[in-house]
Amino acid sequence: MRHNPPCRSGRRNPAMADVASISRHYARGDIAAGLLAALREAEGAEVPLTPWTLAPLDQFHGRGLDATAELAGLLAPRDGDHILDIGAGLGGPARWIAAQHGCEVTALDLIAEYCAAADTLTAACGLTGRVRAVPGSATDLPFADASFDHVFSQNAIMNIADKPRFYAEAFRVLRPGGAFALAQITLGPAGPPDYPQPWASDSATSFLDPPEAIARHAREAGFTLVALHDTTAACIAAQEEARRRIAASGPPRLGMHVLMGASLIPAMRNNARAMAEGRLGAFDCLLRKPL
Ligand SMILES: C[S@@+](CC[C@H](N)C(=O)[O-])C[C@H]1O[C@@H](n2cnc3c(N)ncnc32)[C@H](O)[C@@H]1O
């Protein structure tokens with residue numbers, strides 16, 4: 001049996017087997033070099049490197065930058081705010097928030113390769129010092145209490161089994177009065193989806209909540225639920241639009257397939273079918289830590 005060391009809080013980190021399975025699903029070789037080469041091949045060697053030009057490659061969720069802009073907008077972030085992005089992936093949303101809203105962003109992710117790639121892409125965009133990648137677990141955040149103005153987490157919670165711990169850690173590191181913007185894929189009424197999905201190769205590392213669980217988890221952690229938006233229809237519309245574009249002009253050169261390879265094709269197909277059949281939904285919510 002593999003040893004699973006207790007974390008700072010005395011609780012156990014995600015089971016090592018889970019970490020290994022999640023890493024197997026997400027991790028790749030020299031990620032940043034591959035993404036930059038693909039971008040230059042598609043857009044020319046002189047393409048400016050910005051959160052906007054990188055967006056087709058580093059926004060790891062449905063509806064790309066539109067979804068990030070909507071979720072970050074819920075926070076109404078101000079210049080100089082310090083935001084924590086939990087499950088930040090390659091740091092695409094974190095860089096965009098830093099550049100668009102003038103914030104400092106700490107981008108935490110479980111996968112060390114993603115954090116290394118995030119730092120390289122951040123440097124390439126000239127944002128070093130404004131965005132910092134930190135390897136770590138959402139259920140044992142390596143930060144002091146009340147150390148962030150806001151918390152942001154986009155489509156990461158589906159990999160996390162211990163939902164109460166996830167919400168409690170976000171609550172702990174947030175300053176009183178601060179807000180938590182959370183996006184997630186939820187379980188629909190029509191039963192579980194087929195796998196693979198974009199966030200999990202199989203059901204062993206996929207932990208989906210029905211939408212009604214969001215308010216309960218939030219309340220139990222101490223949050224006030226400010227807003228809950230169903231974005232399922234927007235996701236379905238974006239998937240239909242992508243299908244039309246592919247039928248008309250072939251697959252795009254840039255997209256999440258550059259990172260994930262051919263394994264993304266069945267995952268995207270299953271995802272679109274599950275959304276259309278009511279097996280999956282998508283929700284954004286805004287939570288606040290009371291003063
Ligand atoms: C679908 S990706 C989304 C990445 C990013 N939020 C975005 O939208 O571009 C989910 C991310 O959550 C991370 N993740 C999964 N479980 C985690 C955990 N327990 N702690 C921290 N990050 C985790 C994965 O490594 C992956 O990068």
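Atoms within each ligand, like the ligands themselves, are counted from 1 in listed order.
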Numbered atoms and elements of ligand 1 in range of Pro93, under 4.0 angstrom, heavy atoms: 7 (C), 8 (O), 9 (O)

N or O pair under 3.5 Å between Ala138 and ligand 1: yes

Ligand 1 atoms in contact with Ser137 (distance to a heavy atom under 4.0 Å): 19 (N), 20 (N)

Region of Met158 that comes within reach of ligand 1 [heavy atoms, distance under 4.0 Å]: neither

Transitive ILVMFWY side-chain link Tyr167 to Ile160, under 4.5 Å: yes

Minimum non-hydrogen distance to atom 13 (C) of ligand 1, winning option of Leu108, Asp109, Leu110: Asp109

Heteroatom proximity flag, Phe60 to ligand 1, N/O under 3.5 Å: yes

Cationic N near anionic O, under 4.0 Å, Asp209 to Lys163: no

Rounded distance [0.5 Å steps], SG in Cys125 versus CH2 in Trp96: 14.0 Å

Min N/O separation Gln154 to ligand 1 under 3.5 Å: yes

Close-contact set for ligand 1 against Tyr114 heavy atoms, below 4.0 Å: 27 (O)

Cluster check Leu127, Leu90: I/L/V/M/F/W/Y, side chain < 4.5 angstrom: no

Side chain to side chain donor-acceptor pair (under 3.5 Å) partners of residues 282-291, not counting sequence neighbours, each pair once: none

Which segment of Asp58 sits under 4.0 Å of ligand 1 when only heavy atoms are counted: backbone

Min heavy-atom dist Gly136 to ligand 1 below 4.0 Å: yes

Residue of the set Arg279, Arg269, Arg273 for which salt bridge (Lys or Arg N to Asp or Glu O under 4.0 Å) holds with Asp194: Arg273

Backbone or side-chain N or O of Trp199 under 3.5 Å from ligand 1 N or O: no

Atoms in ligand 1 flagged as close to Asn159, the criterion being non-hydrogen separation under 4.0 Å: 15 (C), 16 (N)

Path from Leu57 to Ile111 over hydrophobic side-chain contacts below 4.5 Å: yes

Proximal ligand 1 atoms for Gln59, defined as those under 4.0 Å from one of its heavy atoms: 9 (O)

Salt bridge (Lys or Arg N to Asp or Glu O under 4.0 Å): pairs with one or both residues in residues 221-248, sequence neighbours excluded: Glu241-Arg244, Glu241-Arg245

Reported CZ-to-CG distance for the pair Arg63 and Leu71, which is rounded to 0.5 angstrom: 9.5 Å

Salt-bridge contact Arg95-Asp58 (side-chain N to carboxylate O under 4.0 Å): yes

4.0 Å heavy-atom contact, Ile111 with ligand 1: yes

Option whose closest heavy atom lies nearest to atom 6 (N) of ligand 1, chosen from Ala118, Gly89, Gly92, Gly87: Gly87

Proximal ligand 1 atoms for Asn155, defined as those under 4.0 Å from one of its heavy atoms: 1 (C), 2 (S), 3 (C), 10 (C)

Location of contacts on Ala88 toward ligand 1, heavy atoms closer than 4.0 Å: backbone

Donor-acceptor pair, side chain of Glu169 and main chain of Ala138, under 3.5 angstrom: no

Residue His61 vicinity, atoms of ligand 1 by number, heavy atom under 4.0 Å: 7 (C), 8 (O), 9 (O)

